[in-house]
Amino acid sequence: MSKRIDARNLNVYYSKFLAVEDVNINIEPRSVTAFIGPSGCGKTTFLRTINRMHEVIPGAYAEGELLLDGDNIYAPGVDPVNVRAMVGMVFQRPNPFPTMSIRDNILAGHRLNGARMSRSEADDIVERSLRGSNLWNEVKDRLDRPGSGLSGGQQQRLCIARTIAVSPDVILMDEPCSALDPISTLAIEDLINDLKEEYTVVIVTHNMQQAARVADKTAFFNIAGTGKPGKLIEYDDTSTIFSNPANEETQNYISGRFG
Amino acid sequence: MKTTDTAAPDPRTQVKKKNALTAGQKPAWTWIAVLVGALVLAGVVTAVLSGGFNWPGFVILTGVFYVIAMYIVTLVVENRRRATDGLWKNLVWGAFLVALLPLISVIWTVVGQGLPTLLANPNMLWVDMGGVTGASDQATVNEGAPLMGGFLHGLIGSVAITAIATLISVPIGLMASIYLVEYSRGGWFSKAITFFVDVMTGIPSIVAGLFAFAAVQLFITTFIGEGPAQLQMVKMGLTAAIALSVLMIPVVVRSTEEMLRVVPNELREASYALGVRKWRTILKVVLPTAMSGIASGVTLAIARVTGETAPILVTAGFAATVNWNVFSGWMTALPVYIYRQLVNPTAPAAAEPSALRAWAAALVLIIIVMVLNLIARIIAQAFAPKKTGR
């Protein structure tokens with residue numbers, strides 16, 4: 001399963017501060033979309049509105065529509081918990097649960113929600129998720145060890161495995177490689193390429209080469225100045241954004257002549 | 001074939017006899033020499049001033065002389081900067097020893113006074129004061145009869161009252177801190193709770209006792225009746241437990257709150273992102289991560305209230321025999337037992353057996369508090385999140 005994402009006139013606020021203004025974007029299912037832009041331009045904020053995670057911060061809210069396969073997740077009465085079960089998220093810093101083993105980390109999405117399952121079902125989920133995140137061969141002999149004993153890159157792939165274990169439709173990644181070395185980054189990028197066979201993947205990155213390597217389409221966000229809202233400047237095929245952008249701001253940013 | 005080991009050693013690679021980096025330093029034995037000098041001088045000065053020998057003056061003077069002499073020696077042999085550095089180091093050490101003094105002295109006195117009695121009469125741990133009269137204590141003093149009586153009723157009272165107090169305070173304190181950390185968004189209500197918790201941390205324990213007494217009295221007169229028999233009911237173990245929980249709740253709230261605040265937000269977000277509800281996130285992710293700190297905080301709070309005397313005396317009175325029922329009848333706790341034995345000896349004319357019993361009970365109380373502290377450490381170790389798995 002994978003779903004398309006359409007934002008329509010989406011404004012995101014932190015209390016009274018308008019952080020992201022008027023985003024309109026259509027993200028195809030089974031594709032990788034990269035958000036690039038300078039720090040503070042609202043790309044992470046917008047990413048977190050796709051699974052309503054920004055609401056965890058007190059005072060944050062969004063206006064407008066965000067459609068998952070045509071269903072508005074900001075319609076009155078929608079439970080954010082249900083949205084988050086459909087839209088998984090991988091964070092900047094790997095964050096496995098420190099009290100749980102590798103196996104329990106993978107099953108966390110089920111176990112924490114109180115789901116009961118047989119031993120073989122659980123084993124199935126663990127193996128499928130770990131294979132899906134290219135981690136199975138590295139950890140299959142130590143599933144009962146704590147997840148925090150893995151290396152940073154392995155922990156991040158464990159977090160991706162934990163996310164795909166609950167079979168979401170969309171996977172959001174917030175700078176998933178910024179804390180990792182190049183080898184682990186390569187492993188995650190390969191994994192992103194595999195993931196788009198089944199999921200809609202949206203990734204925020206500061207690394208333009210990474211966007212060029214993994215993304216089918218790229219969105220460039222920018223900010224006019226401190227205290228101004230971030231805006232979606234340009235959204236197009238990755239090759240177009242990096243070779244022949246329509247907007248001058250995009251051209252300046254990708255060529256390093258920023259500001 | 002020529003071998004290199006016959007070649008003359010290069011003088012540049014040799015270790016010099018005198019290391020230029022350590023030049024100008026006082027020799028390592030300086031402090032021993034200074035200490036011996038200070039001991040002798042202090043001994044002489046004490047003897048001259050007090051016309052004899054006395055320990056406290058000798059020790060204090062030795063310390064003072066040592067600190068001053070070390071400063072002067074270092075100033076002469078080395079330099080001013082090192083001398084000042086050494087002076088402050090000695091002063092900090094001195095302050096540490098002075099701070100340690102009362103603690104060691106308390107333990108020394110209690111063990112010295114209580115241990116012989118306890119070893120000679122281990123039956124103190126399993127008998128109460130039932131049947132012990134002034135006459136039997138007189139017999140102990142005058143005719144050398146064995147020491148009668150014990151503090152089983154105090155042990156049972158302390159354990160029962162503290163257990164009920166813990167049962168009351170831990171759920172309330174835990175939930176209050178969960179509200180403060182997870183649900184309140186910094187509004188006026190949470191600020192008010194934090195303020196009053198801080199105020200409650202500092203209320204005198206006798207006030208907590210009076211509060212519990214008044215509250216239970218109000219409850220009983222309102223719902224049960226106002227007769228003298230009903231008023232008698234107010235003094236019971238439960239009332240004391242309520243008084244102790246008034247003292248305990250703020251401590252539990254504060255320590256749990258600190259522990260919940262240090263749980264990284266990333267873990268909560270990771271759980272939310274898996275579609276887990278907030279209350280399940282708190283129950284299954286936040287609390288287990290903070291469990292070691294919470295458990296040790298609770299244990300320390302228990303240890304703190306175990307030693308309370310005044311609120312228990314006001315609310316549960318005292319008894320001479322074992323009372324298992326916290327809901328009815330007067331009850332003795334160990335601290336109250338110690339207080340009563342010292343202030344109102346069983347035999348007013350022969351107070352010594354009561355004092356012996358009081359010291360033995362004090363030793364047992366200290367042991368209980370120490371064991372609780374140890375348990376807190378063990379719990380903290382056992383629940384701590386596993387760090388490595390390589």
Side-chain angles (χ1 to χ4, degrees), chain A residues 48 51-59 79-102 104-115 139 142-151 154 158-159 162-168 171-172 174, chain B residues 174 178-191 193-194 256-257 259-297 379-390:
Chain A
R48 287 166 68 97
N51 68 346
R52 296 187 68 164
M53 273 300 282
H54 70 299
E55 290 171 19
V56 172
I57 297 160
D79 186 345
V81 172
N82 294 339
V83 174
R84 289 176 202 144
M86 289 190 287
V87 184
M89 187 159 196
V90 176
F91 296 85
Q92 188 168 0
R93 288 222 331 245
N95 52 0
F97 297 119
T99 51
M100 298 183 193
S101 65
I102 292 172
D104 288 342
N105 261 290
I106 303 290
L107 296 171
H110 297 277
R111 288 272 168 80
L112 293 181
N113 274 322
V139 301
R142 45 173 172 168
L143 292 176
D144 293 323
R145 301 285 191 78
S148 43
L150 299 173
S151 76
Q154 289 172 325
L158 176 64
C159 292
R162 181 174 70 188
T163 305
I164 59 183
V166 291
S167 324
I171 297 178
L172 309 176
D174 184 1
Chain B
L174 204 60
I178 288 175
Y179 171 79
L180 285 177
V181 177
E182 306 288 338
Y183 286 95
S184 80
R185 294 194 155 182
W188 63 269
F189 188 56
S190 71
K191 287 199 182 105
I193 293 180
T194 312
T256 310
E257 193 191 343
M259 286 300 128
L260 292 180
R261 281 202 200 283
V262 299
V263 173
N265 239 343
E266 297 163 1
L267 296 182
R268 297 186 181 93
E269 292 196 340
S271 177
Y272 294 149
L274 290 170
V276 180
R277 286 189 187 281
K278 184 163 186 166
W279 69 271
R280 278 190 173 277
T281 300
I282 293 169
L283 201 65
K284 304 251 175 135
V285 175
V286 179
L287 283 181
T289 310
M291 188 48 86
S292 82
I294 294 172
S296 64
I379 288 174
Q381 285 277 322
F383 280 108
K386 283 85 195 155
K387 285 287 183 290
T388 53
R390 275 172 227 268

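Everything quoted here is computed from the prediction, not taken from an experiment. A note on names: the letters A, B, ... follow the listed sequences, proteins ahead of strands, and every chain is numbered from 1.
Heavy atoms of Asn82(A) lying under 4.5 Å from chain B belong exclusively to its side chain. Interface remark: Ser271(B) contributes backbone and side-chain atoms alike to the contact with chain A (heavy atom separation under 4.5 Å). With a 4.5 angstrom heavy-atom cutoff, Val87(A) touches chain B only via backbone atoms. For a residue to count as touching a neighbouring chain, one of its non-hydrogen atoms must lie under 4.5 Å from one of that chain's; by this rule Met89(A) touches chain B with backbone and side chain alike. Only the backbone of Pro96(A) comes within contact range of chain B, with heavy atoms under 4.5 Å apart.
Residue-level contacts of residues 259-268 of chain B with chain A, in order of numbering, are Glu266(B), Leu267(B); threshold 4.5 Å between heavy atoms.
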- Query: Run the side chain to side chain contact (heavy atoms under 4.5 Å, CB included) check on Ile282(B) and Tyr183(B) step by step: do they pass?
  - Reply: CA-CA 10 Å; Ile282(B) 293 169; Tyr183(B) 286 95; 3.5 Å; yes
- Message: Could you go through Ser101(A) and Leu143(A), starting from their C-alpha distance and side-chain angles, then the distance that decides it, and tell me whether this counts as side chain to side chain contact (heavy atoms under 4.5 Å, CB included)?
- Response: CA-CA 7 Å; Ser101(A) 65; Leu143(A) 292 176; over 6 Å; no
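Across Val166(A), Leu172(A), Asp79(A), the residue that shares the most heavy-atom pairs under 4.5 angstrom with chain B is Asp79(A). Chain B forms more heavy-atom pairs under 4.5 Å with one residue of Cys159(A), Pro168(A), Gly114(A) than with any other, namely Gly114(A).
The number of heavy atoms from other shown groups lying within 6.0 Å of CZ (Arg93(A)) does not exceed 12.
Here the shortest heavy-atom pairing between Tyr179(B) and Ser190(B) reads CE2-CB, 4.4 Å. Contact detail for Ala380(B) and Ser292(B): the closest heavy-atom pair is O-CB, 3.3 Å. The two residues Leu274(B) and Ala108(A) make their nearest non-hydrogen contact at CD1-CB, 4.2 Å.
Because its NZ or CZ atom is not both nearer than 6.0 Å to the ring centre of Phe97(A) and within 45° of the ring axis, Lys284(B) does not count as a cation-pi partner of that residue.
Annotation: side chain of Met100(A) is not in contact with side chain of Arg162(A) (no heavy-atom distance under 4.5 Å).
Looking only at distances, a side-chain donor or acceptor of Arg84(A) sits under 3.5 Å from a matching main-chain atom of Arg52(A).
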